[in-house]
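A short write-up of the structure that comes next.
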Amino acid sequence: MGDFTVALNPPKTFRADILLSTTNNRTSPAARGFQTVLAFKPPRAFRGIRASVMPREGQQASLGDALVNTPRRSDFVEAIRRTAALSSCLSETSLHATVPGLESKTRGKVRDIYDAGDYLVLVTTDRQSAFDRILASIPFKGQVLNQTSLWWFERTKHIVSNAVVLAPDNNVTIARKCSVFPVEFVARGFVTGSTDTSLWTVYNKGVRNYCGNVIPDGMVKNQKLPKNILTPTTKAADHDVPITPDEIIDRGLMTRADYVEVSEKALSLFEYGQQVALEHGLILVDTKYEFGKANDGSIMLIDEVHTPDSSRYWIANSYLERFQNGLEPENIDKEFLRLWFISHCNPYEDEVLPDAPEDLVCELAWRYIFLYETITKSKFEVPSTEEPIHDRITRNVASALSSLK
């Protein structure tokens, strides 16, 4: 592809001699299936730091090749260019003007949220956000995110209930209203990331106690943590701010009981997500969850679950070799978009950002679809262009709200 290929395979970040050994890791459900352990010998500072990293023996080593070389990728990218997909992304909606009964609109980074009395109508757009701002619009992204979340919502009910009522459109979820906790629960399994609040960024600056978690010395970028951790954030103006559990409770953002219950559910969701991802040849590296409280006092999972927007995914069978050679892992998320912008501007301070190249936009659209198909084992259905997408959503939402009366 074009200008972004350097960002897909950035320079080596670390190189060290690595000893491989095999162990039976029984510390958590998420760790089952990771059977290779890294123990760094030289330099001395890395001794004793271990990380489970590899899929089970016999797992096929073809997922990375499928991401890049499959004919479906070429066909899909060509279809984007051949149709009007790049110019007809769902970047804005105005359902409050087209659907009776919608009282107001709240515009999030990616979702447009409409008040429908007892319910909320959440429309997942194609807007692409990072660095607390909108970077581009990605064809079919909203549909991928919505359908990926619905798949995970259905499969995590045994851990926590969720707010989903129904999904009347590929881009829409209608949800029950609840009292939303003003805290995002970021679950992490690795020291990595490129944003200001990412674990690697703060760790590389010398921070060893982050959001109440003590991180050992001697870790390197993309290394697995000794155990999964939570690094909560809360909102301040237009950006996320890390916060400790004690600060959450002292500021009255959550009661102690609610925090304990939600944090346990967040870690259980993350462990389950890691287990499922590994069964599909992927590593769920980190993710974020949002929760609310229903009228009956029960905790509910809201917003999205394990999407490529809210999560970082690596290809499992290439992780060890790339880590051993100091290369960034193969990823199926928006990290390479972040890396492209970091290499071409200051996305936090520059008032005007460069346009994302068409090749990069097409590649990201394909990666999101590839992740959806890899996780769900379902074929992504490209929507028909016969009916304008906003008209389709209007029709489907109006019908769904009528059925709920």
Side-chain angles (χ1 to χ4, degrees), residues 1-4 7-8 73 76-98 105-114 121-149 169-173 195 238 303-304 307-311 331-345 347-348 350-372 380-394 396-397:
M1 304 287 287
D3 191 24
F4 67 93
L8 290 178
R73 173 183 177 274
F76 176 78
V77 172
E78 178 58 30
I80 290 179
R81 292 197 171 100
R82 187 175 62 252
T83 65
L86 285 168
S87 59
S88 60
C89 290
L90 184 65
S91 299
E92 297 291 340
T93 66
S94 55
L95 296 188
H96 55 310
T98 60
K105 171 186 174 180
T106 301
R107 187 181 189 273
K109 293 176 184 176
V110 174
R111 287 167 184 80
D112 290 343
I113 304 170
Y114 295 90
V121 176
L122 295 89
V123 184
T124 308
T125 72
D126 297 328
R127 297 191 295 264
Q128 182 66 62
S129 70
F131 310 108
D132 297 312
R133 61 197 300 178
I134 304 301
L135 301 180
S137 290
I138 309 298
F140 314 124
K141 179 199 161 187
Q143 178 177 337
V144 170
L145 295 189
N146 194 53
Q147 293 184 329
T148 301
S149 281
D169 186 274
N170 289 336
N171 289 69
V172 179
T173 294
T195 65
D238 59 351
D303 196 46
E304 61 183 323
T307 72
D309 250 24
S310 65
S311 313
N331 64 77
I332 318 180
D333 50 56
K334 64 182 179 181
E335 179 65 11
F336 80 97
L337 179 73
R338 295 189 189 103
L339 295 174
W340 186 90
F341 275 94
I342 287 173
S343 67
H344 287 78
C345 62
Y348 286 107
D350 292 352
E351 184 175 346
V352 178
L353 301 184
D355 291 334
E358 182 178 302
D359 282 351
L360 184 146
V361 170
C362 291
E363 177 67 20
L364 187 56
W366 160 244
R367 284 171 179 247
Y368 274 37
I369 288 173
F370 182 84
L371 176 64
Y372 168 78
F380 179 81
E381 297 296 335
V382 176
S384 170
T385 58
E386 293 181 3
E387 182 180 19
I389 185 170
H390 198 279
D391 292 352
R392 186 200 76 206
I393 291 174
T394 294
N396 288 334
V397 169

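Here the structure is a predicted model, which is why all the values come from computation and not from measurement.
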Rounded to the nearest 0.5 Å, what's the gap from CD1 on I332 to CD1 on I369? Could you check?
13.0 Å

With distance as the sole test, does R127 use its side chain to make a donor-acceptor pair with the main-chain N or O of I134 at under 3.5 Å?
no

D391 atom CG: more than 12 heavy-atom contacts under 6.0 Å:
yes

Nearest heavy-atom approach of F341 to P354 is CE2-O, 3.3 Å

Can you list the steps and then say if L95 with K105 is a side-chain contact (heavy atoms from CB on, under 4.5 Å)?
CA-CA 8 Å; L95 296 188; K105 171 186 174 180; over 6 Å; no

Once you measure the plane-to-plane angle for W366 and F76, does it fall in the parallel (<30°), tilted (30-60°) or perpendicular (>60°) bin?
tilted

Any idea how F380 and Y372 line up, ring-wise: parallel (<30°), tilted (30 to 60°), or perpendicular (>60°)?
perpendicular

Test item: side-chain donor near acceptor, N146 and E304, under 3.5 Å:
no

Using 0.5 Å steps for rounding, measure from the CG atom of L364 to the CZ atom of F140.
13.0 Å

What's the shortest heavy-atom distance between T307 and S149, and which atoms?
CG2-OG, 3.1 Å

Any side-chain heavy atom of V121 within less than 4.5 Å of one from V123?
yes

Is a donor on one side and an acceptor on the other found under 3.5 Å between the side chain of Q143 and the backbone of E381?
yes

Please test Y114 against T93 for side-chain contact (heavy atoms from CB on, under 4.5 Å), starting from the C-alpha separation and ending with a verdict.
CA-CA 10 Å; Y114 295 90; T93 66; 2.5 Å; yes

Do I393 and L90 touch side chain to side chain, with heavy atoms closer than 4.5 Å?
yes

Please evaluate residues Q128 and Y368 with respect to the criterion side-chain contact (heavy atoms from CB on, under 4.5 Å), reporting the C-alpha separation (whole Å), side-chain torsions for both, the decisive distance (0.1 Å), and the verdict.
CA-CA 12 Å; Q128 182 66 62; Y368 274 37; 3.4 Å; yes

Heavy-atom side-chain proximity of E363 to R73 below 4.5 angstrom
yes

Between P347 and C345, what is the shortest heavy-atom contact and its length?
CD-O, 3.3 Å

Could you go through the side-chain hydrogen bond (donor to acceptor under 3.5 Å, both in side chains) check for R392 and N170 one step at a time?
CA-CA 10 Å; R392 186 200 76 206; N170 289 336; over 6 Å; no

Closest non-hydrogen atom pair, A130 against R338:
CB-CG, 4.1 Å

Enter the distance from L337:CG to L135:CG here, rounded to the nearest 0.5 Å.
5.5 Å

Distance (rounded to the nearest 0.5 Å) between D112 CG and E92 CD
6.0 Å

Heavy-atom pair with the smallest gap, counting every atom of S137 and V361:
O-CG1, 3.8 Å

Ignoring hydrogens and angles, tell me if any N or O in the side chain of T125 forms a donor-acceptor pair with the backbone of V110 under 3.5 Å.
yes

Side chains of R367 and N331: does their closest heavy-atom pair fall under 4.5 Å?
yes

CZ of R111 to CG of L145, rounded to nearest 0.5 Å, is 6.0 Å

Taking S343 for the side chain and W340 for the main chain, is one N or O donor matched with an acceptor at less than 3.5 Å?
yes

Any donor and acceptor pair, going by atom type alone, linking the side chain of D126 with main-chain N or O of P139 inside 3.5 Å?
no

So which heavy atom on H390 is nearest to which on S94, and how close?
NE2-N, 2.9 Å

Would you say K141 and D309 make side-chain contact, with heavy atoms under 4.5 Å?
yes

